[in-house]
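What follows is a short report on a single structure.
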Protein chains: 2
Amino acid sequence: MHDCMDWRNVSFDWNRARAFLVTAEEGSLSAAARALGMAQPTLGRQVTALEEELGVTLFERVPRGLELTTAGLDLVEHVRAMGEAAGRVSMAATGQSDTVDGQISITASEIYSAYLLPPILAQLRDIAPGIDIEVVASNTVRDLKRREADIAIRNARPTQPELIGKLVAEDRAALYATPDFLEQMGQPQTPDDLREADFIGLENLDQLIDGLNAGGYELSRRNFAIQTENHLVHWQMARHGLGIGIGPCHLGDRDPGLARVLPNEEPIRFPVWLVAHRELQTSRRVRLVFDLLAKEIPSLLGSDPEALKDFA
Amino acid sequence: MHDCMDWRNVSFDWNRARAFLVTAEEGSLSAAARALGMAQPTLGRQVTALEEELGVTLFERVPRGLELTTAGLDLVEHVRAMGEAAGRVSMAATGQSDTVDGQISITASEIYSAYLLPPILAQLRDIAPGIDIEVVASNTVRDLKRREADIAIRNARPTQPELIGKLVAEDRAALYATPDFLEQMGQPQTPDDLREADFIGLENLDQLIDGLNAGGYELSRRNFAIQTENHLVHWQMARHGLGIGIGPCHLGDRDPGLARVLPNEEPIRFPVWLVAHRELQTSRRVRLVFDLLAKEIPSLLGSDPEALKDFA
DNA sequence: GCCAATCCATGCAATCATGCATAGCATCCC
DNA sequence: GGGATGCTATGCATGATTGCATGGATTGGC
């Protein structure tokens, strides 16, 4: 089967190829070194050695950094393919990994990262002390295909076929403000009473306004004098009486310093999905964390299993 | 362009992946080591380290050798893709032979052009008949930046940053004359014996005199009754007994019609550099010729690789 | 049953690669 | 124009990797 495969063609130093790839993608040796957790001189020497080895000048040394030559531009395409294959190797390896100990990376919104994950991760530390946990708190959807995280907590069903998702809970969100703030407003009762109210804004402001208006509100940008892209900051602002904030009920209802702005309005209901890459689902470690999250999130959110049917 | 690609997923040791691939394909560490030109323990340790790194047992150690586990069987598929990409990298770097065709221009001193290059260029004709060769025989340094030639053979390290040089050999030169001429002089033994001798001059006569006097001679312009700027003519004059000439030992020592004037004096030693423009170094054609010259010049000159260290 | 061949694992010395600290340089901003 | 900040290149000491030599073990053949 393997009569006489010639391995000399691949006998150049593959780590140098990796150094070249990351340097090309990051644009400078220093940035690449930071990304890889290596020293800059090391990377520089590896790139130089690869140029020597292949007999190709890959980069033009310019003061701003390194710039790909035409030859380098040609080669980086092939090396990129190598890197993508390497990513699949790593993905499959984690999936095959029979040891629980290791690193795992979870991405979730800032609110979930701050209020939902900590008690669960404390449990995880007890159950499996050998697992190193990294939490990527981000309100933008991270790409699991590129392995930006192993497990994601999201509020929508994953669309990509290589991702598998599990609907684990229902979450609810409502408008919150301090009791003082509401008293000053005269205890609003209907969305109409909020037409002149001060809200605290988030990123994607127009999208938020459209969403609320679709629910019967009549708001515009002038209602949002204060704005932040950070949801935790947003929440703290609401708690300090700076305006009306939007947040999950499991937080707001338990916060003695906050009250629902419109107690008679039904909260917004949305699903909570756990998402992981198919390859990773076979990993004992990923499996363990995934199952723990699936078990604990519903109880922490006080989610009724019956309610999940509405999102199917 | 893409904000923050996460490279941790590819940060495992790629060389270990290569070790794993070749071992899996060849069926044993020993065979893989032979194929890669490495030692068997090295490869064994790399595979073990990869297993450690990925947390996956790749091979079952059986008496006959190594056998892939099911996990390894899964992983080898992905690593094979990596290897194939590596092959394309190497291919793109090495270049296909059909793109080699074209014109190339080499500049060298007259002596080298006449005595050193011909046998090498004959080889080149055999290897790559599609390459048209131009030899610029010149004792003045041609400007590679202005593309006066593609490759230069020089006796000094290139100073301009856009030129890259490779120290390929050590050359030696000595004073030569015909045996008859020496007998007539009474067989000189020391530089002092040559104070009244007839030398054959070259261009830059004063520079040559200074150089020789720095080596213990006591010469002046009146020792140079005959002078020519052409080194080949210079050499032929020496061969015809017109005086003492200076020339490379690899020529003089093999010439039955010539003998060293001072056999006990150490020859002048100087480095042989191959020089090319950085940009041209990426050309497959230039590379091919460059490498051929780098390989053949040392053996033609009988240069000891150890001697090169003196010029570093 | 023994010898030869082949395989993997380990000890050890030399080599190579790495990281740190630093120098050299260009650029940007005040 | 000068200080701050980004980059790459180099010297040097340390630590990791390599190759060689060797040991232990199994298979196959005579």
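So you know, we letter chains A, B, ... as the sequences are listed, proteins then strands, and number each from 1.
Put simply, CD on B:Glu296 and CG on B:Leu117 are 12.0 Å apart, with the number rounded to the nearest 0.5 Å.
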Would you mind writing out the side-chain donor-acceptor pairs for residues 33-51 of chain B within the sub-3.5 Å range, not counting sequence neighbours?
| residue | atom | partner | partner atom | Å |
| --- | --- | --- | --- | --- |
| B:Thr48 | OG1 | B:Gly44 | O | 2.9 |
| B:Glu51 | OE1 | B:Arg61 | NH1 | 3.1 |
| B:Glu51 | OE1 | B:Arg61 | NH2 | 3.4 |
| B:Glu51 | OE2 | B:Leu58 | N | 2.7 |
| B:Glu51 | OE2 | B:Phe59 | N | 3.0 |
| B:Glu51 | OE2 | B:Arg61 | NH1 | 3.2 |

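Axis angle, first five pairs versus last five pairs of the helix from C:dG1-D:dC30 to C:dC30-D:dG1: 30°, rounded to 10°.
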Nucleotides 11-18 of chain C: protein proximity per nucleotide (B base, S sugar-phosphate only, - neither; heavy atom, under 4.0 Å): B-----SB

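Salt bridge B:Asp291/B:Lys295: absent, no basic N to carboxylate O contact under 4.0 Å.
Residues passing the side-chain hydrogen bond (donor to acceptor under 3.5 Å, both in side chains) test with A:Gln227, sequence neighbours excluded: none. Evaluation of the side-chain hydrogen bond (donor to acceptor under 3.5 Å, both in side chains) rule for B:Asp13 yields A:Asn15 as partners, not counting sequence neighbours. Annotation: side-chain hydrogen bond (donor to acceptor under 3.5 Å, both in side chains) contacts of A:Asp206 (sequence neighbours excluded): A:Arg221. Every residue meeting the side-chain hydrogen bond (donor to acceptor under 3.5 Å, both in side chains) condition with A:Thr140, not counting sequence neighbours, appears here in chain and number order: A:Ser138. B:Glu170 meets the salt bridge (charged side-chain N to carboxylate O under 4.0 Å, His left out) test with B:Arg269; sequence neighbours excluded. With sequence neighbours excluded, the residues satisfying side-chain contact (heavy atoms from CB on, under 4.5 Å) with A:His231 are A:Glu110, A:Ile111, A:Asn139, A:Leu202, A:Glu203. Residues that satisfy the salt bridge (charged side-chain N to carboxylate O under 4.0 Å, His left out) test with B:Glu84, not counting sequence neighbours, are absent from this structure.
Note: CG (A:Leu43) to P (D:dC7) measures 13 Å, nearest angstrom. Atom CZ in A:Arg34 sits about 15 Å away from atom P in C:dG19, given to the nearest Å. As rounded to whole Å, 16 Å separates atom C1' of D:dT26 from atom CD of B:Glu60. Look at CG on B:Leu66: it is 17 Å from P on C:dT6, rounded to the nearest Å. Atoms CG (A:Leu29) and C1' (D:dG6) sit 13 Å apart, rounded to a whole Å.
Taking 4.5 Å as the limit, every side-chain heavy atom of A:Met82 sits out of range of all side-chain heavy atoms of A:Leu21. Side-chain contact between B:Val136 and B:Ile106 is absent, with no heavy atoms from C-beta onward closer than 4.5 Å.
Listed pair A:Ser30 / D:dG6 fails the phosphate criterion, with no side-chain N or O lying under 4.0 Å from OP1 or OP2.
Under the side-chain contact (heavy atoms from CB on, under 4.5 Å) rule, B:Asp150 has a single partner from B:Val289, B:Thr107, B:Ile104, which is B:Ile104.
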What N/O pairs connect the protein and nucleotides 22-25 of chain D at under 3.5 Å? Give each pair on its own line.
none

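DNA chain D lies under 4.0 Å from no heavy atom of any residue of residues 49-57 of chain B.
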